[in-house]
Each structure stands twice: as C-alpha cells, then as structure tokens.
Enquirer: 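Supplied in structure tokens, the structure appears directly below.
Naming: A, B, ... by sequence-line order, numbering from 1 per chain.
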Amino acid sequence: MASTFGKGCHLHLIDGSAYIFRAFHALPPLTRKSDGLPIGAVSGFCNMLHRYVEGNTGPDAPTHVAVIFDKGSHTFRNDMYDLYKANREAMPEDLRPQIPLTRRATEAFNIACKEIEGFEADDIMATLACRAREAGGRVTILSSDKDLMQLVGDGVEMLDPMKNKRIDREGVMEKFGVGPERVVDVQALAGDSVDNVPGAPGIGIKTAALLINEFGSLEELLDRAEEIKQPKRRQTLIEKREQIELSKKLVQLDEGMDLPFTLDDLEVRDPVPENLLGFLSEMEFRTLTKRIADGLGVEAPVMPDTTPEGANPRSEDPDWPAIDPDRYETVGDLAALQVWIDRANERGTVAFDTETTGLNEMTCDLVGISLCIDPGSACYIPLIHRAESGEGLFGSDELAEGQIPLEQALAALKPLLEDPAVMKIGQNMKYDAKVMARYGVQIAPIDDTMLMSYAMNSGLHNHGMDALAERYLSHTPIPIKEIIGSGKSQITFDLVPIDKATRYAAEDADVTLRLARVFKPQLHVARVTRVYEGLERPLVPVLAQMEMTGIKVDRDVLNSMSNAFAQKMVQLEEEIHELAGEKFNVGSPAQLGEILFDKMSLEGGKRGKNGKYSTGADILEDLATEHELPRRVLDWRQLSKLKSTYTDALQEHINPDTGRVHTSYVQTGANTGRLASTDPNLQNIPVRSEEGRRIRTAFIAPEGHVLVSLDYSQIELRILAQMAEIDALKQAFREGQDIHAMTASEMFNVPLDEMTPDIRRQAKAINFGVIYGISGFGLARNLRIPRAEAQGFIDRYFERFPGIRAYMDATVEFAKEHKRVETLFGRQIHTPEIAAKGPRAGFAKRAAINAPIQGTAADIIRRAMIRMPDAIKGLPAKMLLQVHDELLFEVEEGAVDDLIGVARGIMENACDPVLKLDVPLVVDAGQGANWAEAH
DNA sequence: TGATTCACG
DNA sequence: GACGTACGTGAATCAG
C-alpha cells in the first residue's frame, strides 16, 4: 500500500525522549540479569511501545508513525543563548547507557526512528507536522510537552499518552489562555525555568496571556509597551525587550528544517518477528518477549537463565567501521581544522592525543595533535614536522610543508580544549594535559580510557593502549617502533614523514575513542562509576600540577655525597679483595657467591633458580657475625645503592629550567590503588638508615619557604581495626594509645608500664604481619626467631583478637567467590590467582587480604589530595609529593601553621561524607628547611 | 630481558 | 605431607 502521504493519512509523532524519561523514573532500577546492565528505562520504553502498537486499531489508527529523539547536547539554540537548558540536571548515570538501546528498541518494533544532530526532537516534530498538515493529512503528537502546543490546530492534535487525554485548540487555550499560534508569544514572556528560557521577569503565563490578548501579538505588545498601565510591568517590558525577543526565538520551533527523509518513509510497518523477539530476548525481557511471541503466534526464543559472573563484556560494536589508517585525514590548513573543531563542538566529545619529541612531558616539544569524533573518523594535525632533506637520514631544520603554524593551530584549538561542554577523551590524559599546559592550554574536562580500565580491571591486565586495543577491540595498533624505529636508529617524531605520522597518530585517537565507547557504559555495570569519577578522574589535574611544580633539590649536597661515597667504596673494595684473596666484581652476586661459598666454603649457601648462590642482605647479615667480608660487602652495597640510585641519578633528574626534580606518578601503577612514582621514584628516598636519610637534606625549600610533611599515623592498622571490627583495637585508637604496646600487653600479658622495647618490637612486627597476610614462616624470618615460636605468637594473637581471623577468612572467601576484593570506597581489585593451586595460592590469598586494607588507605589519601588544591587555594603553599601515607608541601615561612591546620583537616576528614569511621584518623606534621627535618 | 638486590610505605 | 611464603612498588646492575 505504498502511497504518497496526503489526505486521509494520519501521522503519529512520538516524543522519544519523553518516553524514555518517563519510563526511567516510573520504574525501579532494573538490571539485565546476565551482566547487570541497567535496563529499566529500555524495559519501560518497550512496554510503552508495545502498548502503543496494540492500541492502534480502528479507524483512528495511524498510517504513518515515527519516534523522534533529541541528539547532541549542543543545538542551534545554544548558539543564540549559551545558557539554554543550562539548568538541566545531568543525565542520571544509569540512564546514559540505555539511550542507544532505546533507538534499537524502536527499530526492533519496525517503527521509524529519527534524530538529527544539533536539533531537538521538537523541531523535527514541528517540521513533520507542518508538512503533513500541508499535505492535507492528520497529525497526532504523542507527548505532553507544552512546547509542542504551538503546533496544534488544523488537523494537528496532541495526545498525552499517560493521561490518554487529547489536546486540541481548546486544550491549548485552557493551558496558555491563547490559541496555538500565540503560544510562543506567551512562552517568550513567561519564560521557562526548566529550559532556562529567561522571559520577562515577574511575568507568568497568566499575565502573559492577558497582555497578548490585549495587544494581539508579542511584537505589537513590545512596540506599544509604553501604553501598559502598570509601571513595573511597563518598565520590565521596555528594559527586557531584547531578552524577551531572544526568548521567543528559543521557544519557537523550527518548522522548516531540511530533513534527510520524507513523510512517506514513515509509513506504518509490521514488526519483523525475529528482529523484535531477538532484541527483546537480548535484553532478557522474559514477560514481554513471551507476550509478544504469543501475540505473533511464534515460539519465544530461549534465554539463558544466568550468565556466570566475569562473562566477557561486550567489546567493539559491529556497526563500527574497521580501523583503517588509510582513511585518516591530515589537517594542513586552518579551514580544515575548523571543520574538525566544529564537528567536535557539535558532538560534545572528542578523542584527543598529542605526539611529542620525547617521553618527558616537562621537556619534550609538541609535534602534532590527533582528534577523533566517531569511530573511523579521525585526523592528525601535524605542527612541527621537519622537511625531509635530500642528503642525510636526519631531516633538515626546515619545517615540512602543509602544516598550520603552531601558534595558529593552538589558538584555534584552545577554545575547544578548554570548553567545559566538550569532553576530551584520552589515553593517559595526564601526559597530554601536561604537554598542553606548557603551551598555555588548560585542557578540561577529560575522560581517560586508561583510568576507566584501571577502575574496572585492576589486577586483570595492564592498561596500556596496545593491550586494551588488543583485548577490547581485537586490533593491534601500529607499533611506535615501526614509526620511529628503536635503539640507536630511533628518531624523534618530528622527523617522521607526515603521511606516516597521520596513520599512527590518528589511529591512536580512533582507538581511544572506541575504547571509551566500550568502557564508559561498562563502568556502571561493574559498579565502579564512583571510583572512576570520584577517585581516578579528578586526581589527574592534581597530579599533573604536583608533577609540574616539582621539588627543589640541592645539587651540591648530592654531588659532595657522591664523592664521599665513591671514596669509601674504593676503600671497601680494596679491603674486600684483600679478604677474598683475589680481585672480583663486588657488584656481581654470582661472583660474590662463588667467593663466599666455594672459595671460602662458608655455611648457608643456598642456590636460587638459576643455580646461583643467593647473597641477599639477610644471608650476608647472618654470615657477618662470623666473618669480616660479608660485613664489608653489606657496607659497600649500601653505598653503591645510595650513590647509583640516589646521589648520582637524582642529579640527572634536576630540570635545568626549573632547578627542580619533577617525578611522574603512575596512577595505574599499583593494583591496590596506590600511586607509583617514576623518573625518578621519589617514594623510596632513604630514611631508615642514618646514612641514607642524609640524602633527604638535599630536598629543600627555596628561600623564604619551608617544607611541611603531613603523614597519616598507623593508617593501615586503623583501617584493619575498622574493617575487621576489632573493638579492642578501635578503642585503643580512640584513646590515642600506643597500639603496638597495647598489642604486646594483650598478647604477652605484660602491663603497659612494664613494657620493654623488645616485646613492643615483636608485637609491632605481628601487627604489620597481619596486614600482609601473616604466616609463621614470614614472621619467624622477620623476627629471626624459630618458626614454632612465631607460630605461637600468631596463634595467641588470633586468640586475643578473634575478629582478625574472621576478617581474613571472610576476605579470602569473598575473593574466591567473586574473583576480586573491594576497598571501603568500592575500589575493586581483581584476584584471578585466588583460584590457583600450589604455592601461588598462598601469594594470592595474602594479596587478597592485604589489598582492601592497603587500597582503602590509598583511597583515603587520594580523596584528601583531590580536595587539597581547593582547600589551600588561599595559602602561599604548594603540594609537592605523595609517599603513600604522607603529603609533602612547600609553603612560605609565615603560613606554615595555617597550612598545617588546613591540610591536616582535609586529611583527617578525608572519608567524609561517604564513610564514617569508628576510628579517628590522626595526621602528624613536621617542618623544616629540608625533607630530613620535615619528616 | 630476567633475575637479583635493595630503597620506600 | 610437601610446597614455599610476609603486602605493594621502581631502579640499578649483572649476565646471558
């Protein structure tokens, strides 16, 4: 019955977004059984569509129908008024992933599904309604949105699907006090707080209708505003004329859109049973599937009862084009760049990646930028690639042709990269943000696929892009080695020919965008949205700032220490050689082992995996009681370590421009949620030995400043007391007792006032052991006592604190059941090894016991760090370093006490308001001219 | 590249 | 009954 839309035809226009929101709010938060995907709105939506289709019988049935959706958050109305709909609450997290599914649902019902980027559904409906009316047909708009009432009349009606109430001219009169053709005038005056349409202040619908009816139209009213009797109203209308006229433009629907389809495309079609039932069963809507199958007289598809936890998450979308580096665009002029910027603005999200001359964000140069808007739609913007020179391998000093001047490109990109309405997606965005910051661009807001993966998959695999692409997109990105080579012949990225660079760089952006599309909806399913949005993403700018600030290091102090160490080492080396009776490489454990255990035939020679003697510190320590040589080797090793790892290496890390050392924190470095510090690692600067601690005197505050260190006291033990609910421990912490002494007193029945340092030391070792998943062997080795004795300690400990045993057992049970453990803040650490057999099971068990404790402590200091910049904004202070339970600040001399007060408050209350601990968190503070004094 | 050693929390 | 063991990191070094 294909025919042209005309007289006798009846078009139904369904307001899809209204359906979705109604369905979402009307239903409890249902989730799909097999994987926990939130599905409530889709379910409600399908039921509404089904009911709608069922009800379409009789003479009033539509001949044409379409569900119309909004698309994109940025519309032409935002161009007129940037605050349009600015009051809108963000879409609920659980609803977001359901939006695309409602499109699929519509298609499954074989109903036309229409949306147009940059337009609201209302405009599309307005255009369609007008065309249908002109063609002589009838139109029913299924919506209760009052904005659509301007369309009513001449064969166009509205139908409130919930109240099943028809709205015609009279209905509109009732609502607005004017006919449909004057609705926009009333709305322009009355404004709309929901859509943030300003209107005329102090004038509501009633007054507006009165005025419009009196003057006939808005334009007439504004032109003759002087005639209004009430002085206040008159003044408002005269003063706010522009605002009112803008409001009218905002509420006026666009009835003349260009549409990429015709009314005839909307003809009513019967659903294709397998498509519809296929979709419904995929969503696992049992009741609806059965009902519809029965109605169609076909067999309902079988659905799995449950799917085991840890089932493969959905990866790439089959609709996406294949990743094809040949299809990426090289952007060589500003006009082409503007097209991409416009597209990114329209879309509201863009994947972003930088290419640089090196891996050090503080010193490298920006070479180019890649963007990706949709899967497969990516570009590379080369900026400072060098021209290929005829002669040598190395490019010339000249810039290659076809590149936008750096300044101009950045000026064009800056508004986009800083636009709060456009989400910039990256893989390890901290890197790109730091690079861009050096070029004056503060990129925000950001999403980070690496952090999404970390939040969901910590403990399962690494979160580098290549690994993620492989795993979740079944794609192997072009290896960087293929582009810049490796080893000696490695070149910097600015020497890569532009066409080659485009293939690599744009692919990275493409991959990143696809990963984000896969990961983002899964965050909810995995229940780590709060971890990602509350603990991971907001930390990025904080870390970036700390890294860029760096800490001042006194090169002279390090240098003179290096020299002193070198001298002593030479001396020790000579003595060692003399004692050994021959020259050998003291730094070679293999050679040392042979000297000790073969040549000198000392006791205790244990061979490791590759048949070599083990010469670790504990073994040498044992030998040192009887012999000179191992003692000297230990001393030599200590100096060697200090010199090579610290006094020498640190000097090389002093940035010549800033005179400071800039570490890099790896947010995904530790499975537990801890940070890792690299290049250099500033989280393992010596402190335990007197000799080593001197290295900290090289970390200094500049003139007029002081270093302040704040560290959590016993945070992991406090968390253990909380998580395992050990009343005695909690009580002790509340009373501010010496926790190790208290433990010792409990265990060994020694009154506190008779406590000896040695007994306390043993109890301390046990307390730490508990956190690590204690074993008799481990404690025995640590305390250098017989294993049986150590086991006795542990038994007594568990006897005194039975809750600890229960907690450990429960944690291991949880890990076995879920293959993961969790922190108090919901961070998940996957423990796949927990199922292993053999010795690995022991490791996995202890890791599972430790992870929630270490991880919760990590969460707490992260929360403090995220809040810190705002808290200390008014103080002349900077946060410099984090060392797991310590934060180091640099502050002007006069503000030390203020800083300690503020920062301590933030740290001690970092759990608020999410969590209320029964145990107080206590923060100790220290200050001084250098880190040794401050700690 | 992997193993060993040792610095930190 | 044996297995082997404290938890989490990064860097330097040797040796293949």
Side-chain angles (χ1 to χ4, degrees), chain A residues 458-459 584-593 606 608-621 633-634 636-650 652-653 663-666 668-689 691-693 695-696 711-717 720 765-783 787 790 794 821 829 831 836-855 857-858 861 881-886 935:
Chain A
S458 184
F584 69 101
N585 185 350
V586 183
S588 163
Q591 292 179 34
L592 175 65
K606 273 184 290 185
K609 279 175 196 154
N610 46 15
K612 284 190 195 116
Y613 290 113
S614 178
T615 67
D618 46 350
I619 293 189
L620 296 189
E621 203 74 52
V633 173
L634 281 169
W636 183 91
R637 278 204 185 149
Q638 189 194 11
L639 296 179
S640 164
K641 178 82 178 178
L642 294 178
K643 183 172 186 296
S644 67
T645 311
Y646 300 104
T647 55
D648 286 354
L650 269 176
E652 289 162 28
H653 278 102
T663 184
S664 194
Y665 288 103
V666 189
T668 56
N671 290 339
T672 52
R674 273 195 181 178
L675 301 176
S677 160
T678 66
D679 307 302
N681 181 355
L682 294 186
Q683 291 182 320
N684 70 345
I685 303 301
V687 71
R688 291 171 185 169
S689 76
E691 193 93 280
R693 192 173 14 242
I695 289 170
R696 295 196 173 212
D711 69 291
Y712 284 106
S713 162
Q714 316 276 20
I715 187 165
E716 292 192 354
L717 271 179
L720 174 70
I766 296 168
N767 275 334
F768 275 102
V770 166
I771 292 172
Y772 298 150
I774 200 160
S775 79
F777 188 93
L779 183 65
R781 201 175 58 172
N782 193 276
L783 285 176
R787 204 180 143 169
I794 294 168
V821 292
I829 299 109
T831 57
K837 292 264 175 269
R840 288 193 313 187
F843 281 109
K845 234 165 113 172
R846 292 192 295 271
I849 290 168
N850 173 257
I853 303 168
Q854 185 181 118
I861 196 165
L881 300 179
Q882 187 248 44
V883 192
H884 309 307
D885 63 359
E886 171 189 8
H935 186 78

Enquirer: Using the P atom as the point on both nucleotides, what is the distance between B:dT5 and C:dT5, in whole Å?
Expert: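 These two P atoms come out 13 Å apart once rounded.
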
Enquirer: C:dG4 and B:dC6: how far apart are their P atoms, nearest whole angstrom?
Expert: 22 Å

Enquirer: Regarding A:Lys643 and A:Glu691, does a basic nitrogen lie under 4.0 Å from an acidic carboxylate oxygen?
Expert: no

Enquirer: NA contact type, A:Arg787, heavy-atom cut-off 4.0 Å: base, sugar-phosphate, or nothing?
Expert: base

Enquirer: If I take atom CD in residue A:Gln854 and atom C1' in nucleotide C:dA6, what distance separates them, rounded to the nearest angstrom?
Expert: 13 Å

Enquirer: Just to be sure I understand the rule, does A:Ala765 reach a base, reach only the sugar-phosphate, or reach nothing, if contact means heavy atoms closer than 4.0 Å?
Expert: base

Enquirer: In chain order, what residues pass the ring pair (Phe, Tyr, Trp, His ring centres under 6.0 Å) check against A:Phe584, with sequence neighbours excluded?
Expert: A:His577

Enquirer: To the nearest 0.5 Å, how far apart are CG in A:Leu682 and CG in A:Leu650?
Expert: 6.5 Å

Enquirer: Give, for atom CD1 of A:Ile853 and atom CD1 of A:Ile771, the distance between the pair rounded to the nearest 0.5 Å.
Expert: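 Rounded to the nearest 0.5 Å, the CD1-CD1 separation comes to 6.0 Å.
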
Enquirer: Given C:dA11, B:dA7, B:dG9, which nucleotide is nearest the side-chain atoms of A:Thr678?
Expert: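 Selected nucleotide: C:dA11.
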
Enquirer: In whole angstrom, what separates A:Glu886's CD from B:dC8's P?
Expert: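 Checked: the CD to P distance equals 13 Å.
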
Enquirer: Working note: A:Arg637 + A:Thr615, criterion side-chain hydrogen bond (donor to acceptor under 3.5 Å, both in side chains); need CA distance, chi angles, decisive distance, verdict.
Expert: CA-CA 11 Å; A:Arg637 278 204 185 149; A:Thr615 67; 2.8 Å; yes

Enquirer: Heavy atoms only, 4.0 Å cut-off, all strands: where does A:Ala649 land among base, sugar-phosphate and nothing?
Expert: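 The answer is sugar-phosphate, as A:Ala649 gets under 4.0 Å only of primed atoms, P, OP1 or OP2.
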
Enquirer: Check the distance between B:dA7's P and A:Leu650's CG and give it to me in whole angstrom.
Expert: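 The distance from CG of A:Leu650 to P of B:dA7 comes to 15 Å, rounded to the nearest Å.
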
Enquirer: Regarding A:Val666, tell me which of base, sugar-phosphate or nothing describes its non-hydrogen contacts under 4.0 Å with the strands shown.
Expert: nothing

Enquirer: Does a side-chain N or O of A:Arg688 approach OP1 or OP2 of B:dC8 to a distance below 4.0 Å, or not?
Expert: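 Affirmative; the distance criterion is met.
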
Enquirer: Atom CG of A:Leu592 and atom C1' of B:dC6: how far apart are they, to the nearest Å?
Expert: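 Interatomic distance, CG of A:Leu592 to C1' of B:dC6: 15 Å.
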
Enquirer: Using atom P in both nucleotides, what's the gap between B:dC8 and C:dC3 to the nearest angstrom?
Expert: 34 Å

Enquirer: Does any donor atom in the side chain of A:Ser677 or A:Thr663 lie under 3.5 Å from an acceptor atom in the other side chain?
Expert: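 Result is yes, a qualifying pair exists.
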
Enquirer: Does A:Asn681 reach a base, just sugar-phosphate, or nothing at all? Heavy atoms under 4.0 Å.
Expert: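 Sugar-phosphate, no base atom in range.
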
Enquirer: Can you identify which nucleotide, out of C:dC7, C:dG10, C:dC14, has its nearest atom closest to the A:Lys641 side chain?
Expert: C:dG10

Enquirer: Hey, does A:Asn782 reach any base, or is it just sugar-phosphate, or nothing, if we go heavy atoms under 4.0 Å?
Expert: base

Enquirer: With a 4.0 Å cut-off on heavy atoms, is A:Ile771 in touch with a base, just the backbone sugar-phosphate, or nothing at all?
Expert: nothing

Enquirer: Over how many whole Å does the gap from A:Lys845 atom NZ to C:dG8 atom P extend?
Expert: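 After rounding, the gap between these two atoms is 15 Å.
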
Enquirer: Using a heavy-atom cut-off of under 4.0 Å over every strand shown, decide if A:Ser775 touches base, sugar-phosphate, or nothing.
Expert: base

Enquirer: Ignoring backbone atoms, establish whether A:Ser588 has a side-chain N or O less than 4.0 Å from OP1 or OP2 of C:dA15.
Expert: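 True: A:Ser588 side-chain N/O within range (under 4.0 Å) of C:dA15 OP1/OP2.
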
Enquirer: Would you say the side chain of A:Arg781 lies within less than 4.5 Å of the side chain of A:Arg787, judging by non-hydrogen atoms?
Expert: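 No, every pair of side-chain atoms sits at 4.5 Å or beyond.
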
Enquirer: Under 4.0 angstrom, heavy atoms only, what part of the nucleic acid is A:Gln591 near: base, sugar-phosphate, or nothing?
Expert: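 Since only primed, P, OP1 and OP2 atoms lie under 4.0 Å of A:Gln591, the category is sugar-phosphate.
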
Enquirer: Taking 4.0 Å as the cut-off, does a side-chain nitrogen or oxygen of A:Ser640 come that near to OP1 or OP2 on B:dT5?
Expert: no

Enquirer: Taking the minimum atom-to-atom distance to the side chain of A:Arg637, which one of B:dC6, C:dG8, C:dT5 wins?
Expert: B:dC6

Enquirer: Pick base, sugar-phosphate or nothing for A:Leu779, based on heavy-atom distances below 4.0 Å to the nucleic acid.
Expert: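 Base contact.
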
Enquirer: Just compare B:dC6, C:dT9, B:dG9 and give me whichever is closest to any side-chain atom of A:Ala676.
Expert: C:dT9

Enquirer: Check every strand shown and say whether A:Thr615 touches a base, only sugar-phosphate, or nothing at a heavy-atom separation below 4.0 Å.
Expert: sugar-phosphate

Enquirer: Please pick, from B:dG9, C:dG8, C:dA15, the nucleotide with the shortest atom-to-atom distance to any side-chain atom of A:Ala590.
Expert: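 Nearest to the side-chain atoms of A:Ala590, counting from C-beta on, is C:dA15.
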
Enquirer: Any idea which of B:dA7, B:dG9, C:dG8 is nearest the A:Ala847 side chain?
Expert: C:dG8

Enquirer: Ignoring backbone atoms, establish whether A:Arg781 has a side-chain N or O less than 4.0 Å from OP1 or OP2 of C:dT5.
Expert: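 No.
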
Enquirer: Which nucleotide in the list B:dC6, B:dC8, C:dT13 gets nearest to the side chain of A:Ser644?
Expert: C:dT13

Enquirer: Can you tell me how far P of C:dT5 sits from CD1 of A:Ile849, to the nearest Å?
Expert: 17 Å

Enquirer: What is the nucleic acid contact for A:Gly842, judged by heavy atoms within less than 4.0 Å: base, sugar-phosphate only, or nothing?
Expert: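 Nothing: the residue A:Gly842, judged by heavy atoms under 4.0 Å, touches no strand.
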
Enquirer: With heavy atoms under 4.0 Å as the rule, sort A:Gly587 into base, sugar-phosphate or nothing.
Expert: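 Contact class for A:Gly587: sugar-phosphate only.
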
Enquirer: Atom NE2 of A:His884 to atom P of C:dC7: distance rounded to whole Å?
Expert: 16 Å

Enquirer: Hey, which of these two, A:Asp679 or A:Thr672, hits DNA chain C nearer its 5' end, going by closest nucleotide?
Expert: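 The residue closer to the strand's 5' end, by nearest nucleotide, is A:Thr672.
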
Enquirer: Applying a 3.5 Å limit to both distances, which nucleotide forms a Watson-Crick or G-U wobble pair with C:dG10?
Expert: B:dC6

Enquirer: Under 4.0 Å from OP1 or OP2 of C:dC7: is there any side-chain N or O of A:Arg846 that close?
Expert: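 It does, given that an N or O in the side chain of A:Arg846 lies less than 4.0 Å from OP1 or OP2 of C:dC7.
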
Enquirer: Heavy atoms under 4.0 Å, any strand shown: does A:Asn585 hit a base, just sugar-phosphate, or nothing?
Expert: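 Sugar-phosphate contact only.
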
